[in-house]
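What follows is one structure encoded as structure tokens, with my remarks underneath.
Each chain gets a letter, A, B and so on, in the order its sequence line appears, and its residues count up from 1.
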Amino acid sequence: MEEFNTERLGRLTGMLKRRGVILPAFEIHGGAAGLYDFGPVGGRLRNRVNQTWIDHWQSLGNIVEISCPTITPYSVLEASGHVGEFSDYLTECSECGEASRADHLVEDIHPNADTLSKDELSKLIEEHNPQCPACGASDWGEIEAQNLMFNTKIGAGLSGRQGFLRPETAQGMFTSFTSIYRHFRERLPFGAIQTGKGYRNEISPRQGMIRLREFNMAELEYFIDPEIAPIHDFSLWKNPVTLIADDGGEVVMTLEKAVDNGVIRHPTVGYFMGWTMDFLLSVGINPSFLRFRQHESTEMAHYAQDCWDAEILGSYGWIECVGIAHRGCYDLTAHEEATGQRLRAWRTFDEPKVVEIDGWTTDGAKAGPAFRSLAGKVNQFVEGLPSDSSFPLSQNIEGTDLQILPEHVKRVQRTENVNGEWFVPHVVEPAFGIDRIIWHLLDHSYTETEKSGEDYAYLSLPEVIAPVDVTVLPLFEKDGMDLLAQKIHRDLCSRKNIFSVYDASGSIGKRYARADEIGVPWCITVDHESLSDNTVTLRNRDSGEQTRVSIDDLPF
RNA sequence: GCGGAUAUGGUGAAGUGGUUAUCACCUGAGGUUUCCAACCUCAUGUCGUGGGUUCGAUUCCCGCUAUCCGCACCA
């Protein structure tokens with residue numbers, strides 16, 4: 001593996017474009033920053049990496065795949081915290097049309113205007129009617145969230161609701177929690193995966209495929225009971241891994257040891273780091289260019305308790321390609337609070353708990369007429385009193401001095417059996433940037449060498465993700481070799497999950513080189529001998545070795 | 001978003017205020033060729049975009065878009 005450098009990067013991106021792997025989108029219209037196409041070769045590559053990812057996580061045995069819309073109502077992303085974290089609020093002056101940041105308009109009125117919610121801001125603006133900095137008018141339109149999420153209207157005209165294109169797939173897993181919980185017969189732990197597009201309106205996309213405005217994500221949300229210590233088999237990973245912990249130190253140790261030492265704070269996070277590593281290596285990431293880095297508490301996303309990034313070294317330096325975050329109960333709690341729906345799991349106690357209840361409550365028939373609108377508050381107060389309280393009792397409630405008499409209250413004494421409790425599951429989330437991974441596996445697979453004095457480049461892609469499984473080459477396009485090759489080609493294409501390319505132009509060496517360049521693992525050559533004995537030569541990309549096999553025994 | 005540089009066939013490059021813009025590779029057709037980019041003939045295909053200056057602009061100037069490099073931003 002040669003060094004990464006700008007010249008090599010140029011040759012690699014040139015090849016990827018020329019061969020139709022990845023290329024700038026909408027180029028005939030001048031292009032659009034942060035948007036890329038997977039071309040005729042890249043399309044299948046993306047699909048195979050995606051499918052390999054799905055298969056890999058489903059092999060855990062308690063994982064389901066779901067698919068949610070990319071168009072997401074405002075309230076969902078407001079509840080998740082994305083509106084606040086990802087957006088500025090803008091409002092337009094009705095006089096001159098100039099857009100201003102809503103929090104800037106009320107800066108003088110509120111000390112922390114940038115922390116206010118949309119409703120709080122519009123209330124403040126309505127009350128104080130700040131002047132437009134452009135024209136001095138004081139007539140503001142509705143506040144809209146702008147910036148890092150793509151705004152859209154769900155529905156037409158005035159009846160349309162504000163929405164966004166999702167910035168991550170995760171929220172769909174949280175809003176579908178009850179359905180997934182039922183699917184798993186209400187038993188933790190379980191996980192849901194989703195692959196699909198995510199959108200972020202980046203201010204300035206850079207570095208090719210690394211920062212995109214529309215990108216392929218793949219996320220797992222794994223729901224666990226925080227009170228049950230997870231048991232994971234770390235013996236799968238014997239080799240030490242490079243870890244950069246948040247105290248800044250780089251250490252090399254096995255995942256098992258890192259979990260035992262507390263460098264990795266949660267065993268499930270550690271386990272998924274191992275599972276992530278297996279996936280990355282299986283699609284062709286070079287293990288010596290992989291490390292895990294723990295987020296500093298200051299850079300942690302708004303929802304995370306602990307987070308490890310898988311970083312991959314390539315032509316753009318170390319790039320984070322996977323984030324494995326312990327999100328705690330943040331998301332489910334947030335959606336619960338916003339909707340009033342229960343997003344919890346039931347935990348049955350080993351032994352039912354016997355709870356002695358001994359206290360006071362109000363007698364509604366007497367306390368209601370006596371305290372009228374304050375009766376509810378009085379009830380709350382009385383139920384909080386210790387069992388040895390005595391009445392009458394004076395209390396100030398909401399500015400009113402009240403006398404609570406014995407006739408207003410009742411003693412409550414009973415024994416209850418409590419069999420279990422509802423709790424908010426915790427979530428461990430491995431989130432993958434598929435495009436970044438595809439970029440790096442191409443970057444790592446791209447090998448430049450020399451062949452009989454000439455520059456020679458090829459992709460050493462693993463067979464599971466190679467965009468083309470095999471090319472079929474008639475040595476000459478005559479004497480029936482072409483017909484036989486076409487027949488083999490069509491037969492291979494009709495097989496499940498096999499994709500063959502027929503190539504008959506140029507010398508045989510040139511065709512091998514073409515196949516190598518996009519990482520085709522196998523070439524089948526049909527020659528004169530094939531016509532008489534039904535055999536072909538099977539050539540391996542990496543070794544160049546050729547073996548003669550019967551057409552009926554092709555290993556596909 | 002700010003500053004700098006750049007934009008010529010599919011790719012990589014050269015070049016010019018004036019008729020038909022050059023080269024290599026690539027691609028296609030034919031020939032040749034009995035397994036690793038061979039050769040011959042022919043062919044297809046380009047001045048990012050909009051405006052200005054000019055008799056005439058791919059070339060000079062300006063805007064836009066995109067790309068690259070800093071800075072800033074970044075789950």
N or O in side chain of A:Lys451 less than 4.0 angstrom from B:rC36 OP1/OP2: no
OP1, OP2 of B:rA37 versus side-chain N and O of A:Ser507: anything below 4.0 Å? no
[atom1] atom, [N] versus [M]: distance in rounded Å?
N      : M      : atom1 : result
B:rU59 : B:rC47 : P     : 12 Å
B:rC40 : B:rU32 : C1'   : 8 Å
B:rC73 : B:rA14 : P     : 37 Å
B:rU58 : B:rU53 : C1'   : 16 Å
B:rU20 : B:rG12 : C1'   : 24 Å
B:rC23 : B:rG9  : P     : 15 Å
B:rG3  : B:rG45 : P     : 42 Å
B:rU11 : B:rU19 : C1'   : 30 Å

For a quick check of understanding: with a heavy-atom distance under 4.0 Å over all strands, which category does A:Gly323 fall into, base, sugar-phosphate or nothing? nothing
List, with names and distances, any nitrogen or oxygen atoms from the protein found under 3.5 Å away from nitrogen or oxygen atoms belonging to nucleotides 5-9 of chain B.
none

Are A:Trp275 and A:Phe279 close enough that their ring centres sit under 6.0 Å apart? no
Do the ring centers of A:Phe272 and A:Tyr222 come within less than 6.0 Å of each other? yes
Judged by modelled atom types alone, do A:Arg548 and A:Thr535 share a side-chain donor-acceptor pair under 3.5 Å? yes
Can you see whether A:Asn50 engages A:Thr195 through a side-chain donor-acceptor pair at a distance of less than 3.5 angstrom? yes
How long is the line joining CD of A:Glu27 and C1' of B:rU49, in whole Å? 13 Å
Nearest-Å distance, CD1 (A:Ile210) to P (B:rC68)? 11 Å
Look at [X] together with [Y] and state whether they make a salt bridge at an N to O cut-off of under 4.0 Å.
X        : Y        : result
A:Arg18  : A:Glu517 : yes
A:Asp469 : A:Arg44  : yes
A:Lys197 : A:Asp435 : no
A:Arg495 : A:Asp491 : yes
A:Arg511 : A:Asp516 : no

Any strand is fair game: report the nucleotide pairing with B:rU34 by Watson-Crick or G-U wobble, both distances under 3.5 Å, or none. none
Choosing from [options], which nucleotide comes nearest the side chain of [X]?
X        : options                : answer
A:Lys17  : B:rU11, B:rU67, B:rC35 : B:rU11
A:Ile508 : B:rC36, B:rA37, B:rU67 : B:rC36
A:Phe476 : B:rA37, B:rU34, B:rA66 : B:rU34
A:Tyr512 : B:rU33, B:rC36, B:rU67 : B:rC36
A:Leu475 : B:rC35, B:rU11, B:rA37 : B:rC35

Please encode protein proximity along nucleotides 25-30 of chain B as a string of B, S and -, counting only heavy-atom distances under 4.0 Å. -SSS--
Among A:Leu45, A:Ile498, A:Ile518, which residue satisfies the side-chain contact (heavy atoms from CB on, under 4.5 Å) criterion with A:Val468? A:Ile518
